Amino acid sequence: MRQAGVRLTKIIATLGPATGTRKQIKALAVAGVNIFRLNLSHGDHAVLRQWIHWIRRVEKELHTHLGILFDLQGPKIRVGKFEGGYTTLHSGQKVTFTTEKVTGEDGLVPVQFKKFHETVKKGDSVFLDDGNIYVQVLSVSGKRVEMKVQVGGRLADHKGINLPDSVIPTGALTAKDKKDLQFGLEEEIDFVALSFASSAEDIRRLRHLIQRKGKDAEIIAKIERKKAVRNLESIVAASDAVMVARGDLGIEIPLTEVPVVQQRILNECARQAKPVIVATQMMESMITNPRPTRAETSDISNAVMSKTDAIMLSAETAVGRHPITAVQIMAKTVETTEAFLKKERKIQPWNWFLEEEPPISLGITYSANHLAEVLHARMIVVFTLTGGTAKMIRSPNPMVPLAAFTSKRARARQLTLLRGALPFLVEADHPFLGNMKELFQRLKQQKLVKEGDRIVITAGDPPGVPSWTNVIRVERVP
Ligand SMILES: Nc1ncnc2c1ncn2[C@@H]1O[C@H](COP(=O)(O)OP(=O)(O)OP(=O)(O)O)[C@@H](O)[C@H]1O
Ligand SMILES: CC(=O)C(=O)O
Ligand SMILES: [K+]
Ligand SMILES: [Mg+2]
């Protein structure tokens, strides 16, 4: 029986040239991927449509639920294309950056941002490729900017540019983002990640566009700007989930501060019962190497110990040489850490109890966690319409899986993000408390429980009211 080893922490993998085939997508899902990230910074709609189609096919073949996450490009400045796909910048060398529409070559770097030459000034630091390359502005003349390379490296097509010394005059949603969003919503994506979000207003604007299209894709706010860290509380409140986007974050703020900011974001998300993703460079060395570094497995393990909902791979699976192995090692590290946590754990007091009149559902979900621990229950079962009850249950970090029954397929797919959640589809308004037999059957079918196991069940009576949870019940599997 598989029931001993349900992994709670979810894995997100970015698709790219290294993995953009049906076979690779299936191999990634089998290795443990719960959500596929499509990065709108790369690739055109035709390719993405094909990938989405393959993901949905694999989902069917594997009888599972897979989430699809559209990561919008946002107002990220990028370099253009080079002859041969890349150029090499040497430390000490002088190079020219230009906003003219040209193909790059040795000593000439095209920039895809019309106002670049107006935005930077002499002495400014400019970072390229997630900060791997560092140049400084010597002078600006017309559309050309002379740079001195401080730290060189290989610079490939479309790599990102960060200007921590200047304020870039754009909102979080560009014209391209809006087009990409429309396309994604038509393709029934489950999550939209908003890059470079600055405020709750950015999130609300995006939500308006999603709702206007009659969709309910969940919004993931990417925290990768100083301003987003400052507005953390209100951004978390306005979003459905949050991503610690450490790549850009580590350039926009000193990278020595990234670990504590990560922890702050995790704490705030726990307080507000919002799922959270730790992203970027988790297994960076595996882009080329067949094994990760010790520091990398520690990073994964520490994120799990901090009770993140999900961890994410970017270039490792998009362009890396060992995408499947990366997911396998990630999954194994998670499982080992969770087994340790399960032995160690004690339920922590929960900050929401500081509120004057905590909602009834909060008392129920908190107690369900305690019951599961005290009674050594195999799992918690919830019935969830909006996902709200599932999120609330997850918030005190149960160390058992959470069977989340829902009547909407889209909701089931969105539950792929939530730590511990195993989505199950049921018919609308299922009177489940009167039909325990079917419940046990479905759990047994998936080899999640066996005879004699205890399960903790929560529900709303009457059923069908969003976020209404007032019943708690313990059953022994017959
Ligand atoms: N679909 C793709 N096609 C080509 N290259 C890709 C693709 N997806 C990712 N990559 C490569 O992998 C690297 C890291 O992936 P990631 O998705 O984090 O990109 P990024 O451009 O840094 O992202 P973001 O714009 O979200 O900050 C990218 O710099 C890019 O070179
Ligand atoms: C994921 C992403 O956008 C970042 O880490 O910057
Ligand atoms: K992006
Ligand atoms: Mg980013």
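Note that ligands are numbered from 1 as they come in the structure, with each ligand's atoms numbered from 1 the same way. Computed from a prediction, not measured in an experiment: that's the story for all the values here.
The heavy atom nearest to atom 31 (O) of ligand 1, out of those in R78, K159, M312, is found in K159. Distances from atom 3 (N) of ligand 1 to the heavy atoms of G16, P17, G43 put P17 nearest. When G320, S41, A318 are checked for heavy-atom proximity to atom 9 (C) of ligand 1, A318 turns out nearest. Looking at V47, L72, D248, N39 and measuring to atom 20 (P) of ligand 1, the nearest heavy atom belongs to N39.
The ring-ring contact (aromatic ring centres under 6.0 Å, His included) check on F405 picks up F383, F424, with sequence neighbours excluded.
For R154, the CZ atom counts as loosely surrounded, since its 6.0 Å shell holds 12 or fewer non-hydrogen atoms of other residues, nucleotides or ligands. Annotation: K176, atom NZ; neighbour count of heavy atoms from other residues, nucleotides and ligands within 6.0 Å is above 12.
Within the protein, the number of N, O or S atoms lying under 3.4 Å from the K ion (ligand 3) is 4.
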Put together the list of close N/O pairs, under 3.5 Å, between ligand 2 and the protein, could you?
residue, atom, partner, partner atom, Å
ligand 2, 3 (O), K222, NZ, 2.8
ligand 2, 3 (O), E224, OE1, 3.2
ligand 2, 5 (O), R246, N, 3.4
ligand 2, 5 (O), G247, N, 2.8
ligand 2, 5 (O), T280, OG1, 2.5
ligand 2, 6 (O), E224, OE1, 2.9
ligand 2, 6 (O), D248, N, 2.9
ligand 2, 6 (O), D248, OD2, 2.8

For residues 328-335, please give each side-chain donor-acceptor pair under 3.5 Å, one per line with the distance, not counting sequence neighbours.
residue, atom, partner, partner atom, Å
T333, OG1, I329, O, 2.7

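A distance of 4.0 Å separates CG in L69 from CD1 in I220, rounded to the nearest 0.5 Å.
Note on ligand 1: K222 sits in its first shell, one or more heavy atoms being nearer than 4.0 Å.
Counting protein heavy atoms only, atom 1 (N) of ligand 1 is closest to H42 CB, 3.4 Å.
Only the side chain of R37 comes within 4.0 Å of ligand 1, judged by heavy-atom distances.
A donor atom on one side chain and an acceptor atom on the other are not found under 3.5 Å apart for T96 and R144.
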